[in-house]
Chemist: 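One structure is given below, represented as structure tokens, and several questions about it will come after.
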There are 4 protein chains.
Amino acid sequence: MDKRKKILEAALKLFVALGFHGTPTSKIAQEAGVANGTLFHYFPTKDDLILGLYTDIKIRMTAFVNENAKPEDTFKATMKGQYLASLYWALDHKTEFSFKQQFHNSPFHLLLNQEEIEKQLKPHFDMLRKGIEDKIIKPLPVDYIHTLISSHTFGLNQYLTSNEFSTVKQHQLISDTFELLWDMIKEN
Amino acid sequence: MDKRKKILEAALKLFVALGFHGTPTSKIAQEAGVANGTLFHYFPTKDDLILGLYTDIKIRMTAFVNENAKPEDTFKATMKGQYLASLYWALDHKTEFSFKQQFHNSPFHLLLNQEEIEKQLKPHFDMLRKGIEDKIIKPLPVDYIHTLISSHTFGLNQYLTSNEFSTVKQHQLISDTFELLWDMIKEN
Amino acid sequence: MDKRKKILEAALKLFVALGFHGTPTSKIAQEAGVANGTLFHYFPTKDDLILGLYTDIKIRMTAFVNENAKPEDTFKATMKGQYLASLYWALDHKTEFSFKQQFHNSPFHLLLNQEEIEKQLKPHFDMLRKGIEDKIIKPLPVDYIHTLISSHTFGLNQYLTSNEFSTVKQHQLISDTFELLWDMIKEN
Amino acid sequence: MDKRKKILEAALKLFVALGFHGTPTSKIAQEAGVANGTLFHYFPTKDDLILGLYTDIKIRMTAFVNENAKPEDTFKATMKGQYLASLYWALDHKTEFSFKQQFHNSPFHLLLNQEEIEKQLKPHFDMLRKGIEDKIIKPLPVDYIHTLISSHTFGLNQYLTSNEFSTVKQHQLISDTFELLWDMIKEN
DNA sequence: CATGAATGAGATTTCATTCAT
DNA sequence: GATGAATGAAATCTCATTCAT
């Protein structure tokens with residue numbers, strides 16, 4: 001019914017499987033079950049489609065994390081909540097996660113509005129700064145900490161994806177790994 | 001003189017700047033200063049070129065690490081030696097590192113021989129297993145540890161690259177970050 | 001108007017003049033007055049074009065023969081009717097005939113569906129079988145007779161084409177040659 | 001050893017399998033086990049190679065027929081001798097025969113020297129003319145008779161090739177078919 | 001909104017031929 | 001004679017995009 005949605009779904013699937021340049025718009029239209037020209041009605045350009053898909057995914061992920069990671073009593077608990085929410089989302093949306101990864105490692109990420117990115121990261125950075133001020137975590141540059149957390153998250157996700165664990169085992173690993181991460185950044 | 005080498009150099013430069021699909025073979029040939037057909041004399045296919053470049057880089061990196069990271073007295077020192085060698089290589093070969101990253105995040109990595117990969121990882125895995133047996137690091141699955149180290153390394157490298165630190169500061173950060181990593185995996 | 005038709009016409013003309021491999025698709029598109037890509041819109045592959053052209057010609061020829069060669073009172077008359085229809089068609093469609101010849105003498109004929117061919121030949125073979133049963137023609141294998149008739153037809157056509165006879169003379173020769181053929185296969 | 005010969009053999013095999021334009025000179029060189037450039041040492045041009053191969057085959061075939069078809073007492077016997085020799089050669093040299101066919105049905109045949117062809121056909125035409133003068137065969141144009149015989153021969157050969165008969169059966173069929181041909185052209 | 005035929009610039013690859021060794 | 005790296009024109013095919021219906 002909703003052709004725009006169908007196009008986004010088809011694009012996601014194919015981009016992840018074949019890469020951005022490896023996926024012709026015609027194939028996306030076909031997979032989506034719409035005419036070639038219809039795609040260009042919704043997304044005037046292939047770049048617009050890629051960017052639109054990224055935005056769409058980003059919005060949905062942020063909504064999920066915001067909904068599931070409420071502020072907790074302690075700094076550690078709050079941070080863990082966010083960590084868990086991110087990873088659970090990633091586990092439930094492997095294709096979307098893969099797409100994000102691919103997007104960031106491509107020249108397309110340059111098309112993103114830099115200000116916009118910083119605005120989105122601000123709450124997270126603020127939280128880290130607070131942790132440092134309160135001497136809970138080590139006094140390292142917040143973007144440095146953020147990078148370490150991100151790649152840590154990415155690594156774990158990759159590990160979970162390339163093995164076939166039970167849900168219980170997965171959640172166990174996620175929880176354990178957070179402790180590893182915490183060991184790394186907590187003030188001794 | 002060595003046209004094959006010139007082609008590889010041109011390909012590396014352009015692939016990193018424009019992406020695999022964003023770089024036409026004709027441009028590579030031009031940049032390398034050889035005729036269009038010459039490229040296909042050495043690499044029958046664009047895929048072959050991409051794969052050949054990856055292999056070439058991998059070999060040179062491994063050689064560098066092997067040469068610079070000799071076994072040390074303690075487990076930690078040996079591991080740090082490898083860690084430093086990897087990061088120093090990455091810092092000195094940013095384009096190559098970037099290419100590797102792009103390669104792994106693309107559908108092309110599927111073209112790699114799985115056995116070959118495992119064979120290359122074996123010494124590293126063996127070392128980790130030894131550390132676990134000797135109760136020096138935590139008894140976690142070695143592929144898990146390896147994934148965490150890799151993404152950690154990647155994260156640090158990204159951080160170093162996106163900031164413009166002095167060499168001294170860079171080496172300081174690398175050394176400090178190793179300690180963070182060590183905190184994470186060492187047996188308490 | 002009908003671009004597909006224009007492409008087929010151009011392809012026929014050029015293939016006969018220059019051979020399959022001697023004719024670039026670009027030249028066909030140009031001769032047809034369509035864009036390069038349009039050709040590939042209708043025929044995804046050059047092979048598809050060659051095959052499509054063959055099929056197109058085959059259909060039109062069969063239609064002509066079926067329309068012009070009605071069953072007659074005697075076996076000989078019926079057979080002559082078909083013989084004449086085939087040859088008249090060939091004389092009126094020299095380029096098409098030439099193309100068919102070229103096609104059969106090329107590796108492309110292997111792309112034809114064998115079953116399809118047999119299905120098309122069946123009525124003809126049935127007729128020959130009937131003639132044998134009724135002791136009108138010699139009791140030879142029908143595919144053998146068919147091959148002889150075909151090459152005979154081909155030979156005559158070649159002779160008519162390489163000389164410049166008047167229409168009257170041509171029809172005379174065709175008629176006479178049928179008698180030669182008939183002498184060859186009729187039961188004595 | 002004899003590289004020229006090896007090239008001709010490889011060319012024959014590949015041209016028949018893939019067509020003239022479908023066979024790259026590099027593939028011929030490879031199949032012949034010589035370097036790419038060597039081919040062009042012996043045949044300055046691909047066309048020269050094709051023509052050279054044709055000439056080579058033609059010479060060998062003519063030699064065979066001349067050796068095996070001696071003049072006999074009667075016209076019919078002489079003619080039959082030639083007919084048999086031609087067909088036996090074709091059966092023993094299917095690839096060569098196929099090549100000749102392909103050559104004649106290609107634009108390359110235009111490269112042949114017309115005079116040369118006529119000179120080669122003259123003895124045959126003379127024989128036919130003699131047969132007509134002596135009222136042994138029908139008073140038809142000799143090139144017409146020749147065309148009919150040629151395509152008849154071609155048809156039979158095709159039939160023999162597409163079926164798998166025993167040698168005895170093959171020779172039987174060849175002999176029988178000559179009688180059919182003779183019925184066709186003999187003066188009643 | 002939706003379609004899909006049409007476009008043409010451009011991408012990858014092929015290949016006959018040359019020539020320094 | 002023999003080699004095979006090198007060439008570059010040309011061939012097939014792709015694909016984002018447009019537009020009349």
Side-chain angles (χ1 to χ4, degrees), chain A residues 2-4 7 20-30 32-50, chain B residues 1-4 6-7 20-30 32-49, chain C residues 1-4 6-7 20-30 32-49, chain D residues 1-4 6-7 20-30 32-50:
Chain A
D2 185 347
K3 307 217 170 189
R4 199 189 123 96
I7 291 167
F20 297 129
H21 289 272
T23 308
T25 51
S26 58
K27 214 170 193 163
I28 296 172
Q30 196 188 9
V34 303
N36 228 303
T38 305
L39 190 153
F40 287 89
H41 175 68
Y42 289 101
F43 305 94
T45 281
K46 195 185 182 181
D47 279 17
D48 286 331
L49 171 58
I50 293 171
Chain B
M1 275 286 125
D2 186 346
K3 308 218 167 188
R4 199 188 121 98
K6 286 198 172 164
I7 291 167
F20 296 131
H21 291 274
T23 309
T25 51
S26 56
K27 213 168 195 165
I28 296 172
Q30 195 187 10
V34 303
N36 229 303
T38 304
L39 190 154
F40 288 91
H41 177 68
Y42 288 102
F43 305 95
T45 283
K46 195 183 183 184
D47 279 20
D48 285 331
L49 171 58
Chain C
M1 276 287 124
D2 185 347
K3 306 219 169 187
R4 198 187 123 97
K6 284 199 175 164
I7 291 167
F20 296 130
H21 291 272
T23 309
T25 50
S26 56
K27 213 168 196 165
I28 296 172
Q30 194 187 10
V34 303
N36 230 301
T38 305
L39 190 153
F40 288 91
H41 176 69
Y42 287 102
F43 305 95
T45 283
K46 196 184 182 183
D47 279 20
D48 285 331
L49 171 57
Chain D
M1 279 291 115
D2 184 348
K3 307 216 167 189
R4 199 188 123 96
K6 283 198 173 164
I7 292 167
F20 297 129
H21 291 271
T23 307
T25 51
S26 58
K27 211 168 196 167
I28 296 172
Q30 195 188 10
V34 303
N36 228 305
T38 305
L39 189 154
F40 287 89
H41 175 68
Y42 289 102
F43 304 94
T45 281
K46 196 185 184 182
D47 280 18
D48 286 331
L49 171 57
I50 292 171

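In the text below, chain A, chain B and the rest are named by the order of the sequence lines, each starting its count at 1.
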Chemist: Can you list everything that forms a side-chain contact (heavy atoms from CB on, under 4.5 Å) with C:Ala32? Sequence neighbours excluded, please.
Modeler: C:Lys6, C:Ile7, C:Ala10, C:Val34
Chemist: Give a yes/no on whether any side-chain N or O of C:Lys27 is located under 4.0 angstrom from OP1 or OP2 of F:dA10.
Modeler: no
Chemist: Which whole-number value in Å describes the distance from D:Lys6 NZ to F:dG1 P?
Modeler: 16 Å
Chemist: Just one of D:Asp47, D:Leu49, D:Ile50 clears the side chain to side chain contact (heavy atoms under 4.5 Å, CB included) bar with D:Phe20, so which one?
Modeler: D:Ile50
Chemist: Is any side-chain nitrogen or oxygen of C:His41 closer than 4.0 Å to OP1 or OP2 of E:dA5?
Modeler: yes
Chemist: Check side-chain contact (heavy atoms from CB on, under 4.5 Å) between A:Thr25 and all other residues, then give those that pass, not counting sequence neighbours.
Modeler: A:Leu39, A:Phe40, A:Lys46
Chemist: Could you tell me the separation between the CG atom of D:Asp2 and the C1' atom of F:dG1, rounded to a whole number of Å?
Modeler: 13 Å
Chemist: Who are the side-chain contact (heavy atoms from CB on, under 4.5 Å) partners of C:Pro24, not counting sequence neighbours?
Modeler: C:Ser26, C:Lys27
Chemist: Round to the nearest Å and state the distance from A:His21 atom NE2 to E:dT12 atom C1'.
Modeler: 16 Å
Chemist: Please write out the pairs of protein N or O atoms and N or O atoms of nucleotides 17-21 of chain E separated by less than 3.5 Å, giving the distance to one decimal.
Modeler:
residue: E:dT17; atom: OP2; partner: D:Lys46; partner atom: N; Å: 2.8

Chemist: Rounding to an integer number of Å, can you tell me how far B:Leu39 CG sits from F:dG8 P?
Modeler: 14 Å
Chemist: Figure out the CG/P separation between A:Asp48 and F:dA16, and round it to whole Å.
Modeler: 13 Å
Chemist: For C:Ala35 and C:Ala29, which heavy atoms make the closest approach, and how far apart are they?
Modeler: O-CB, 4.0 Å
Chemist: Verify the contact: side-chain N or O of A:Lys3 to OP1 or OP2 of E:dT3, cut-off strictly under 4.0 Å; return yes or no.
Modeler: yes
Chemist: Just the rounded figure in Å: distance from P of E:dA2 to CZ of A:Arg4.
Modeler: 12 Å
Chemist: Quick one: list whatever passes ring pair (Phe, Tyr, Trp, His ring centres under 6.0 Å) with D:His21, sequence neighbours left out.
Modeler: D:Phe108
Chemist: According to the Watson-Crick and G-U wobble definition with distances under 3.5 Å, which dot-bracket string, read 5' to 3', encodes DNA chain E, using [ ] for crossing pairs and | for pairs with another strand?
Modeler: .||||||||||||||||||||
Chemist: Could you give the OH-to-C1' distance, from D:Tyr42 to F:dT3, as a whole number of Å?
Modeler: 12 Å
Chemist: Side chain of C:Pro24 only, heavy atoms from C-beta on: which candidate in E:dT7, F:dA11, F:dT3 is closest?
Modeler: F:dA11
